[in-house]
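Notes to accompany the following structure.
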Amino acid sequence: MSQCVPLHLRREIRQRASQLCEYCLVHEDDVTLPHEPDHIIAVKHGGPTTAANLAWTCFLCNRAKGSDIASVDVATGEIIRLFSPRTDKWDEHFEIKGGAIVGKSQIGRVTCRLLQMHRPEQMELRQLFTEFRLYPPMTEE
Ligand SMILES: [Zn+2]
């Protein structure tokens with residue numbers, strides 16, 4: 001619920017994320033719909049509105065994630081928690097192949113599926129950004 005996040009927190013998490021979606025890594029300048037804060041653990045699950053529980057996300061990832069905190073690994077039937085930008089390292093759970101984001105772990109795979117990261121229009125956009133060297137983004141880690 002982005003409208004519940006105070007402006008100073010929105011600014012803090014936006015800057016911390018270098019204006020990138022913390023799930024699919026698209027930069028907010030490269031999409032038309034504005035990025036927004038995501039409660040990693042949704043308010044309805046008891047997640048607080050703090051920097052430690054917020055991620056900066058693109059509209060599509062945030063809408064697909066909603067208030068979910070886990071999903072089912074269709075290969076094993078196990079319930080697996082979603083990727084957390086605050087406690088997990090992106091590179092340990094995902095990799096980029098062309099325009100595709102591929103899950104490297106169970107967490108990465110269930111997050112990719114739940115957040116619908118393989119929608120054709122998103123993959124085409126990421127492929128186009130890759131051709132213009134806009135994607136994947138350069139990070140300062
Ligand atoms: Zn995204």
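Both ligands and their constituent atoms are indexed starting at 1 by order of listing.
- Vertex the Zn ion (ligand 1); arms to Cys24 SG and Cys58 SG; angle rounded to 10 degrees, 110°.
- The CG atom of Asn62 lies 10.0 Å from the NE2 atom of His39; values are rounded to the nearest 0.5 Å.
- With respect to the salt-bridge test (charged N to carboxylate O, under 4.0 angstrom), the residues Arg81 and Asp68 do not qualify.
- Put simply, His35 stays out of reach of the Zn ion (ligand 1), with no N, O or S atom under 2.8 Å from it.
- Rounding to 10°, one obtains 110° for the angle at the Zn ion (ligand 1) between SG (Cys21) and SG (Cys61).
- In this structure, Phe83 has its ring center closer than 6.0 angstrom to the ring center of Phe94.
- Between Arg10 and Glu36 no salt bridge is recorded (no basic side-chain N to carboxylate O distance below 4.0 Å).
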